[in-house]
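Step one of this worksheet: look at the structure below.
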Amino acid sequence: MNVIKRNAVFVYPDLNLLSRDDMLITNRLITNMYTIVSMVNKQIVDILYCGEFSRVKCLPTAKLTMEQAISDSKLALDNIRICIVKYKDINYAENYTNIVNNYKNGNCDISHLVALHILADDDNKITFEQDQTGGFDVIIKCNRKNLKNILVSIMLDISLYHYFLLSGKIEERKKFNIKKIEYIFENNNPEELTEIYGNYFGEIDKYPKYLPYSLKYVRKCKQNGQVNQEIIRQAICDYDAFIVKNLSTNVVINRNGSVKGIEQYDDRCLIDTVQKLTKNDPASCIIIICLQDSAKKDIVDVLKYKKEKQSNTWIHKLYSLSETVQSYQIFNVKLEEN
Amino acid sequence: MDDNKNDYIAYFDLLGTRGFCEDSNLYFENIKAFNESIEQLSSFLNGYGRVGVFSDCAYAESNDLSYLLEFLVELRDTLNARGLYFNAVVKKGKLGIESSSTSTSNCESMFGVKFTNSDIASLYIEQTNFKGVGIKIDEGIVNEVDSKQFSLVDCIYVASKEENHVKIFFPVKYKDISYRPRDEWEKTVGIDGQLNQFYTTFFSAYVKSPKFGAYYISALINLIKSYTTDFEWNPSDGGKIETKSKVFISVKQMLEKKYSDLEDLPGIEYLALALLDVVYDSDNLVETDKREITKMFMESMGCLKKKYMHSLNDVPLELFGEKNRNLFIKMCQEDLSSNFVKDVLVPLTD
């Protein structure tokens, strides 16, 4: 089991410099955050083992690090994704300059940096906002009660990404975040966006650079202490549909049998295989090519699935090949119209 | 801080390390968390004290009892949230700390700390004898605790002795500082996470050895008494206790459904008595409700059957008060007698 740690960090000011009241509040926040993180880690395990994931090879774990803001901090900067920048009216944002600069300079292998502003308990709204300073990819505002679901959804996004064997390269992960935003933009109306993310963002360039896809499912998935399998199943199916639609290359077959769209593979055998697989019913197929070596583009296997098939069984087939498969490509096949 | 003025000292020891933890990585992580938390929270001593850390244990001193207790309470809560627990003793005294080092040939050959005051000895012995998770307040300073800031709770821990080569467990009363949720979130949501951490650590300790698990009895009793709410008796569907206390519900469930998994846990029966004590003290319940609840407990909790008919006197009054004890005995005698007579006479009256 591969445990993927995702660090949340709280860089707190020197407690001796705070008033006693602020010191008590800050320390209480530290204690509560440890509790929330332990609840998050428990819930992500419950979700991953509820029976809807056919295998769990990667277990994302949130780890909370507390660090006092001092100039010669030994804080490891390379794995921090979540920063607590504000609690009620106490602002800790200035303590994160090093972390933000490290991220902006591309000195760490992380694809998103999230700022948390924890609201007072009587403020029940959840909002996702752009960071106007450009330091963070998103500022999430919520109270302690709603924070658990938000952190679980960030962890579940990681789980889904790894479940579908997507690329670990930093450039690919960053591109994927953009595609996720586009998907959310195209598939939710203003009311839905406001309900889930607290905001109707308007045009795509007004969106924050990071949103957790699975938040709307996580909010509904725990009922009477049990995980609702139906909700998780839907989350996986919708993610499957998102990947097939947004990560696939369009391939067009004309009536003569020639294929456009896979020229980069320059492989007669591949073209023949695609033609054979789509011979009778090209319009309803998606085809997944499993590549052993991305550079050489050696084909390990070719899987064919119909578009109308709702299940994500193609990923199960991929698992059986995953020891030899480094990456895969999805082709969305269409018949050329006259 | 004026060394001549230190009046209160504490010694506390992180549980789950020596003799328990065989995973060196986990041991290291726990010690690290312990040290980090102490460092972070030492500012609560507010210049009126200091704390010295030695791996998995620490000494603290202060000339202000409230600051010392606040430090220990915040430390307890922070460590508990990380799934770590300690046992601490607080009493009057001075540590008399002196740094010590020896150098030979420009090289430091020894470094350490010396304690020049003999108070350290009684503190250490008292802490070693305290076989529970919690903050034990020495009897000599109980009246000095600021009751506006801290509530004291009557608790017990489970000690052992050998009699005729047989190990016997018995309860020892002491005063602890109650848990205090600071707001509605901690009382209703945070407690879920806290209990999750607690039962995970407690059961892991018990599986390692029942004597390790017994350390957590004191903390559970403290939690039961700290998170008390009103009770209502709902007679429908065979009878149900209505309460908002998740601590009460979880302990009751454990005693009803998991007793067979915990039968050799020393002191488990004291948890049942602690539950009954808070039920009997409830102003919302009348005597008939309490009788029904007692009957339910006696039927559903294996740890209560038979044992206390003869040995209730060994249970400290601080755990199960005299008035409640007499009520319990009266109800048990009446119900058990009635069932006894019925079982004996039924064949004769048919």
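Chain letters run A, B, ... following the sequence lines, proteins first and then strands; every chain starts at 1.
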Name the option with the most non-hydrogen atom pairs under 4.5 Å to chain A; the candidates are B:Gln194, B:Glu36, B:Glu186.
B:Glu186
Counting only heavy atoms not in B:Glu232, do more than 12 fall under 6.0 Å of its CD?
no
Heavy-atom side-chain proximity of A:Lys42 to B:Asn196 below 4.5 angstrom
yes
Can you sort out the partners of B:Asp183 under salt bridge (Lys or Arg N to Asp or Glu O under 4.0 Å), two or more places apart, ordered by chain and number?
A:Arg144
When rounded to the nearest 0.5 angstrom, what is the spacing between OG in A:Ser38 and CZ in B:Arg82?
11.5 Å
For a quick test of your reading: what N or O donor-acceptor pairs under 3.5 Å do the side chains of residues 248-258 of chain B make, sequence neighbours left out?
{"from": "B:Ser250", "atom 1": "OG", "to": "B:Tyr199", "atom 2": "OH", "distance (Å)": "2.7"}
{"from": "B:Ser250", "atom 1": "OG", "to": "B:Lys246", "atom 2": "O", "distance (Å)": "3.1"}
{"from": "B:Ser250", "atom 1": "OG", "to": "B:Val247", "atom 2": "O", "distance (Å)": "2.9"}
{"from": "B:Lys252", "atom 1": "NZ", "to": "B:Glu256", "atom 2": "OE1", "distance (Å)": "3.4"}
{"from": "B:Lys252", "atom 1": "NZ", "to": "B:Glu256", "atom 2": "OE2", "distance (Å)": "3.0"}
{"from": "B:Gln253", "atom 1": "OE1", "to": "B:Lys257", "atom 2": "NZ", "distance (Å)": "3.0"}
{"from": "B:Glu256", "atom 1": "OE2", "to": "B:Ser300", "atom 2": "OG", "distance (Å)": "3.2"}

Count the heavy-atom pairs under 4.5 Å between each of B:Ser43, B:Gly83, B:Gly190 and chain A, then report the option with the highest count.
B:Ser43
Heavy-atom distances under 4.5 Å only: say whether B:Glu184 touches chain A with side chain, backbone, both or neither.
neither
Residues, nucleotides or ligands: over 12 heavy atoms within 6.0 Å of B:Lys187 NZ
no
Residues of residues 20-35 of chain A under 4.5 Å from chain B (heavy atom pairs)?
A:Arg20, A:Met23, A:Leu24, A:Asn27, A:Arg28, A:Ile30, A:Thr31, A:Asn32, A:Tyr34, A:Thr35
By salt bridge (Lys or Arg N to Asp or Glu O under 4.0 Å), which residues pair with B:Glu29, not counting sequence neighbours?
none
Do other residues, nucleotides or ligands put more than 12 heavy atoms under 6.0 Å from the CZ atom of B:Phe28?
no
Taking CG in A:Asn105 as the centre, count heavy atoms belonging to other residues, nucleotides or ligands within less than 6.0 Å. Is the count above 12?
yes
At a heavy-atom separation under 4.5 Å, does B:Gln197 approach chain A through its side chain, its backbone, both, or neither?
side chain
